[in-house]
Amino acid sequence: MSLSFEGRVVLVTGAGGGLGREYALAFAERGASVIVNDLGADVKGGGKSSAAADKVVEEIRAKGGKAVANYDSVEDGEKLIQTALDTFGRIDVVVNNAGILRDRSFARTSDMDWDLIHRVHLRGSFLVTRAAWNHMKNQKFGRIIMTSSAAGIYGNFGQANYSAAKLGMLGLANTLAIEGLKYNIHCNTIAPVAGSRLTETVMPPDLVASLKPEYVAPLVLWLCHDQCQENGGLFEVGAGWIGKLRWERSQGLIVRKKNQPMNPEAVRDKWDKICDFTDATKPFSVEESLQSVVNVLSRVDSEGEIGMNSTASASGISPTEAVGKKLPPTTFSFNHSQCILYALGVGMSTKDPDHLRFLYEGHQDFSCLPTFGVIPSQDAMMGGGLSTIPGLNIDFTQVLHGEHYLELYKPLPTSGKLNSQATVADVLDKGSGAVILLDVNTYSGDELVCYNQFSVFVVGAGGFGGKRSSEKAKAPLPPPQRTPDAVVIDSTTRDQAALYRLSGDWNPLHIDPSFAALAGFKAPILHGLCSFGFAARHVLKQFADNDPSRFKAIKVRFVKPVMPGQSLQTEMWKEGNRIYIQCKVKETEAVVLSGAYVDLYESSDASLEKISQGGGLQSELVFAEIGRRIKDLGSELVKKVNAVFGWEITKDGKNTAQWTIDLKNGSGSLHEGPYNGKVDVTITVSDEDFMEVVQGKLNPQKAFFSGKLKVRGNIMLSQKLEVILKDYAKL
Ligand code: NAI
């Protein structure tokens, strides 16, 4: 149904020409009784004439409409309303449209230029509207339009007076919208663009001709209709387009700490964050604005030294909203350069001949280091994806990478395109902070290549009443209580962080001294994931012969920072296919990676392949199985056997492998390689004879007496070998 204004009395100020005339004609055409107000002044507000208003009234009447002229200035607001009341008995709609211009550069703006503009636009709108207000209130209906301008919203050279008055009208409208609401008085503001005598001096003539006032009027009519519930809105309108504007506010940042004076340096230092519109909010009321500020008071008070939290975090973390949400997917394209750059970043060097397969794309076994798997996934994090998740109102400057887990399902390619999809797996409340578990699956085409779990610690974001732990978390594990089976010491270079960051972690904390100082470090620190890369390749070399296909997973907890140039000491404990690791800074003995482990694939394919190539030992498979059984039945076996067995496996007369089966301490364990603890009995046997014994084809006693099996130490214990070695025939 068409919108009718039958029975409505409409006052349009400045309706003798331009936009106002168009509104008057349009309202009248739809049945309204219109007061056509116009002082008949020139553009600058000079002169006076009744002609302009009269002409429009005539036009309306000629079309059968109802209209009356009023020649008063809007500064005589009461008189305009009186005309409405006298002629039509009521006032329903006021369109504050009258306007003039006195453009001057600010320095040349006179008192007169300032005052006149304010008197017509702001004060005039105030006086006219106030005169109508009580009538509208009593009849419980009113529609008011304020005419603002882009010059007011955005500023415009030479229009200081006009901009100020025009934005003043928006302020006036904002409050009228609130005060009028319960009386069904709605007040909205428009910022029109149209060709008129006001714009003909600044716009080319053809634009003045094409930007017709009739492309603005329909918005004004709609906003003034009783069906329209819009109130307090601001619209840009012109050429047939209408857009709505609103305020946007950055997340902001608290730059004050409890019991400490606030200072401008803190403001300076956090300026980018204060002004960062990522995850901006759209406040719309003074209550909301005040509430944010009041929330800050309580947050600073309750959080003591932590201090720097976003005002929005007052509304906090909502796990129910956040968990399960996906971050925008990311794509990572790479070739051999990135693989090599990463390998250099985690300290590989051509000094080590067996590093060449990771550093030279022409190498016959050229491979990507397994821990390169963190690189495609980190884009999901770095790209600010977390800030898109609802329910995570956190301060992104307070985010720490607490723990990391990486699992590979196949060796990484050395080039191509990988797509990553990150999901918020869980959100935990640790009191002092929150932990966000972010699961990232990385695919090559449809094939899942690797999985990363970032444990992101958000300082000061705890206390939202969430759970403390999650079954989704890949937990860190402490190393065994014994001297490590292997230790590798490796120095980082002064430029390690500068090199590592080129793989995509551009956080200035790792390169910029002043940024590092702000974060409380005396110099830029090494990336946690760089130390992680060091430790992982130490394990890969020590226990998997640098074979990336053996690398299954790694978990670490980042405990303390490493300074570029310091030496990393990786301590390793082998327990079957799990290598527990702990990483220290050698110079300070400080533990930097804890609760860490690497899981290796005991790829039987790989082992069998080695055997068929004549390189590997068949006994390896048996020991791997022994390791698994110890894990399952260790305590039981320890009770039965109570001894530590050393094994020296020979091939072609040479000692080729060394194993230790500990069935005396704790719940038992298996170690490969040199062993530091006390061994009760050591057995030396060839790989072939070992397999014969295991498969029941050769009796251990017979093997001993025939010299195939040599025993040192407590020879009686060798009788217990059967307990250990039986049932392996299937291998
Ligand atoms: P216009 O100059 O054609 O119309 C303004 C009318 O107001 C004139 O007829 C004038 O005689 C009248 N007037 C001036 N002082 C008065 C007073 N004290 N009392 C009563 N009437 C008075 O200009 P236009 O373009 O139609 O402007 C209409 C409104 O739109 C103005 O408030 C202007 O500031 C605003 N505006 C216009 C834009 C445009 O692109 N045309 C852009 C932004 C804002």
Side-chain angles (χ1 to χ4, degrees), residues 11-26 35-57 69-81 83 94-103 115-129 131 145-156 159 161-170 172-173 189-204 207-217 219-220 234-239 241:
L11 163 65
V12 181
T13 70
L19 286 163
R21 169 179 166 273
E22 191 62 41
Y23 305 153
L25 290 170
I35 299 95
V36 179
N37 159 263
D38 209 298
L39 179 68
D42 62 28
V43 174
K44 292 186 170 181
K48 202 172 173 355
S49 147
S50 58
D54 285 344
K55 205 166 158 253
V56 176
V57 170
N70 171 283
Y71 319 115
D72 294 306
S73 165
V74 286
E75 290 183 76
D76 294 315
E78 292 284 351
K79 291 187 181 164
L80 276 68
I81 300 302
T83 304
V94 170
V95 181
N96 290 293
N97 167 78
I100 54 167
L101 283 178
R102 291 178 78 95
D103 292 358
D115 291 346
L116 250 182
I117 287 290
H118 275 72
R119 274 166 44 197
V120 173
H121 291 273
L122 185 54
R123 190 174 149 79
S125 300
F126 155 64
L127 291 167
V128 173
T129 306
I145 297 291
M146 295 292 172
T147 306
S148 185
S149 162
I153 297 167
Y154 307 110
N156 196 23
Q159 293 198 304
N161 52 353
Y162 181 76
S163 306
K166 284 304 200 190
L167 210 60
M169 291 172 73
L170 175 65
L172 173 60
T189 306
I190 62 163
V193 179
S196 77
R197 64 176 203 175
L198 277 195
T199 45
E200 67 191 3
T201 51
V202 288
M203 284 183 194
L207 203 57
V208 170
S210 352
L211 292 171
K212 299 188 172 117
E214 63 204 63
Y215 301 146
V216 175
L219 170 67
V220 171
L234 170 63
F235 303 87
E236 284 186 73
V237 50
W241 166 84

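Computed from a predicted model, the values in this text were never measured in an experiment. Each ligand, and each atom within it, is numbered from 1 in the order the structure gives.
Side-chain contact between Val12 and Val36: absent, with no pair of heavy atoms (C-beta onward) separated by less than 4.5 Å. Using a 4.5 Å cut-off on side-chain heavy atoms (C-beta onward), Val74 and Val120 make contact. Using a 4.5 Å heavy-atom threshold, the side chains of Asp54 and Tyr71 count as touching. Side-chain contact check for Arg102 versus Asn161: some heavy-atom pair is nearer than 4.5 Å. Put simply, the side chain of Thr147 reaches to within 4.5 Å of the side chain of Lys166, judged on heavy atoms. Using a 4.5 Å heavy-atom cutoff, the side chains of His118 and Arg123 are not in contact. Here the side chains of Val216 and Tyr23 are in contact, with some heavy-atom distance below 4.5 Å.
Between Ile35 and Thr83, the closest heavy-atom pair is CG2-CG2, 4.2 Å.
Note: no N/O pair closer than 3.5 Å links Gly195 and ligand 1 by distance alone. Inclusion of Asp38 in the set of residues having an N or O under 3.5 Å from an N or O of ligand 1 is warranted. When only interatomic distances are considered, the shortest N/O to N/O separation between Ile100 and ligand 1 does not fall below 3.5 Å. For the pair Ser149 and ligand 1, the shortest N or O to N or O distance does not fall below 3.5 Å. Residue-to-ligand polar distances keep Leu198 apart from ligand 1: every N/O pair is separated by 3.5 Å or more.
Residue contact annotation: Thr199 has a non-hydrogen atom under 4.0 Å from ligand 1. Residue-ligand proximity: Ala52 is placed with every non-hydrogen atom at 4.0 Å or more from ligand 1. Contact analysis leaves Arg21 out of contact with ligand 1, as no non-hydrogen atom separation drops below 4.0 angstrom. Using a 4.0 angstrom heavy-atom cutoff, Pro192 counts as in contact with ligand 1. Glu75 does not count as a contact of ligand 1, since none of its heavy atoms falls under 4.0 Å from the ligand. The shortest separation from a heavy atom of Ser148 to ligand 1 is under 4.0 Å, placing the residue in contact. Residue contact annotation: Gly45 has no non-hydrogen atom under 4.0 Å from ligand 1.
The closest protein non-hydrogen atom to atom 28 (C) of ligand 1 is Asn97 OD1, 3.1 Å. The protein heavy-atom contact nearest to atom 24 (P) of ligand 1 is Ser196 OG, 3.4 Å. In this structure, atom 19 (N) of ligand 1 lies nearest to the protein heavy atom Val74 N, 3.1 Å. Nearest protein heavy-atom neighbour of atom 6 (C) of ligand 1: Gly14 O, 3.4 Å. With respect to atom 17 (C) of ligand 1, the closest heavy atom belonging to the protein is Leu39 CD2, 3.7 Å. Counting only heavy atoms of the protein, atom 44 (C) of ligand 1 lies nearest to Tyr162 OH, 3.2 Å. Ranking the protein heavy atoms by distance from atom 10 (C) of ligand 1 puts Arg197 NH2, 3.2 Å first. Looking only at protein heavy atoms, the nearest one to atom 22 (C) of ligand 1 is Ala98 CB, 3.5 Å.
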(message) The test is side chain to side chain contact (heavy atoms under 4.5 Å, CB included); show your working for Leu80 and Thr13 and say whether it passes.
(response) CA-CA 9 Å; Leu80 276 68; Thr13 70; 3.8 Å; yes
Intermediate values then yes/no, side chain to side chain contact (heavy atoms under 4.5 Å, CB included), Leu11 and Val95: CA-CA 6 Å; Leu11 163 65; Val95 181; over 6 Å; no
Notebook entry, point to check: What do the steps show when you test Met203 against Val193 for side chain to side chain contact (heavy atoms under 4.5 Å, CB included), and what is the final call?
Noted result: CA-CA 11 Å; Met203 284 183 194; Val193 179; 3.7 Å; yes
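Taking every non-hydrogen atom of Ala41 and a distance limit under 4.0 Å, the qualifying atoms of ligand 1 come out as 11 (O). Taking a cut-off of under 4.0 Å to the non-hydrogen atoms of Asn37, the atoms of ligand 1 that pass are 20 (C), 21 (N). Applying the 4.0 Å criterion to heavy atoms of Gly18 picks out, from ligand 1, the atoms 3 (O), 26 (O). Listed by number with element, the atoms of ligand 1 under 4.0 angstrom from any heavy atom of Val193 are 40 (O). Each of the following atoms of ligand 1 lies closer than 4.0 Å to a heavy atom of Ala194: 39 (C), 40 (O), 41 (N).
Checked options Ile190, Asn96, Thr189, Leu172; the residue passing with Ser148 is Thr189 (criterion: side-chain contact (heavy atoms from CB on, under 4.5 Å)).
Counting heavy atoms of neighbouring residues, nucleotides and ligands inside a 6.0 Å radius, atom NZ of Lys44 does not exceed 12 of them.
Partners of Glu75 under the side-chain hydrogen bond (donor to acceptor under 3.5 Å, both in side chains) rule, at least two apart in sequence or in another chain, are Arg119. Residues satisfying the side-chain hydrogen bond (donor to acceptor under 3.5 Å, both in side chains) criterion with Asp115, sequence neighbours excluded, are absent altogether.
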